[in-house]
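First up is the structure itself, then whatever we jot down about it.
We're numbering straight along the sequence, starting at 1. Here the structure is a predicted model, which is why all the values come from computation and not from measurement.
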Amino acid sequence: MKKFLLIALGILLAMSKVSAEQPKAQEYREILSSENFYVEYDDPYVKRIIVEENGRRMSRVDLSGINKFYVSILNPIAPLFSKGNNYPNFMYYNGKYYKFNEKDYAIMAQADQLNNVNLNPTEGWSVIDKELALPDELAVFNWNERHHKVSKNIAVPTFANTLQKTVDGKTYTCDRYEADVKNSRGEKEATIIFDMCYNEKGELAVVQSAIFANGREYGINKLTIKKILREIPKDAMILDKNAKIYAAGIGDMNDLLENPVLLGKLQEIQ
């Protein structure tokens, strides 16, 4: 009987080791839900940086060392910045969205304008929240953050289990999270899988997403995590307070004349 109990206890302990999140998971959750954080990651094509600083969300794409031709095809609205530029591509602050074309030139739309059918579609307002949001693979830690927009048919991801997984020839300990996808009738159609993979130091290193449907798993995306920090590095994002801010195009005569309305300098209107 004693031997049986010891075996049972061993099994329970083994199960507990694979049924709890990695120690850093809660720390990442707290960081990405806070008012200040810095995130740097590589998606399959570019390096992306997201900064949250006291209600100001900024993001940029770093194309250093990346083939800009492919980036321009995959993300035509991303400004093709050269190495060393660290002003944001996009910013949200105090109910206003900004799209920087240069460090000293940006166009601005009020939050309540984003649903205006007359907004100039070439300015990229339809995807600005996506550009500012945490990617789905990191939003697992803060699914309902302001800029993260997903279909209501996709449930909030929940922790499922821990597994060992080899990615690009390297083995990681990965926490798996799953989110049900339901159709319009409320029936489950598929499951989205997020594998949050930690290195030997216990830090998040790689995140892979996939969808399981019709008995098969289909890969969606892979991120290589560079940094998730509470403190924002110096000069992570540089804002030119004297940058000229112009009004978003709303299909009026100014658009036809390609004469955008100057609203003022950034320090005057933000």
**Asked** Is a side-chain N or O of E145 found less than 3.5 angstrom from the main chain of L134, in a donor-acceptor match?
**Response** yes
Does atom [atom1] of [X] have more than 12 heavy-atom neighbours, drawn from other residues, nucleotides or ligands, at distances under 6.0 Å?
| X | atom1 | value |
| --- | --- | --- |
| N214 | CG | no |
| E231 | CD | no |
| K149 | NZ | yes |
| K96 | NZ | yes |

Report yes or no: do [X] and [Y] form a side-chain donor-acceptor pair below 3.5 Å?
| X | Y | result |
| --- | --- | --- |
| R146 | Y92 | yes |
| E137 | S209 | yes |
| Q22 | D175 | yes |
| Y38 | E40 | yes |

**Item:** Salt-bridge contact K182-E187 (side-chain N to carboxylate O under 4.0 Å)
**Value:** no
**Asked** Would you call K165 and D195 a salt bridge, using N to O less than 4.0 angstrom?
**Response** yes
**Asked** Are Y246 and Y105 close enough that their ring centres sit under 6.0 Å apart?
**Response** yes
**Message:** Which residue in the set D42, D43, D62 passes salt bridge (charged side-chain N to carboxylate O under 4.0 Å, His left out) when paired with R48?
**Reply:** D43
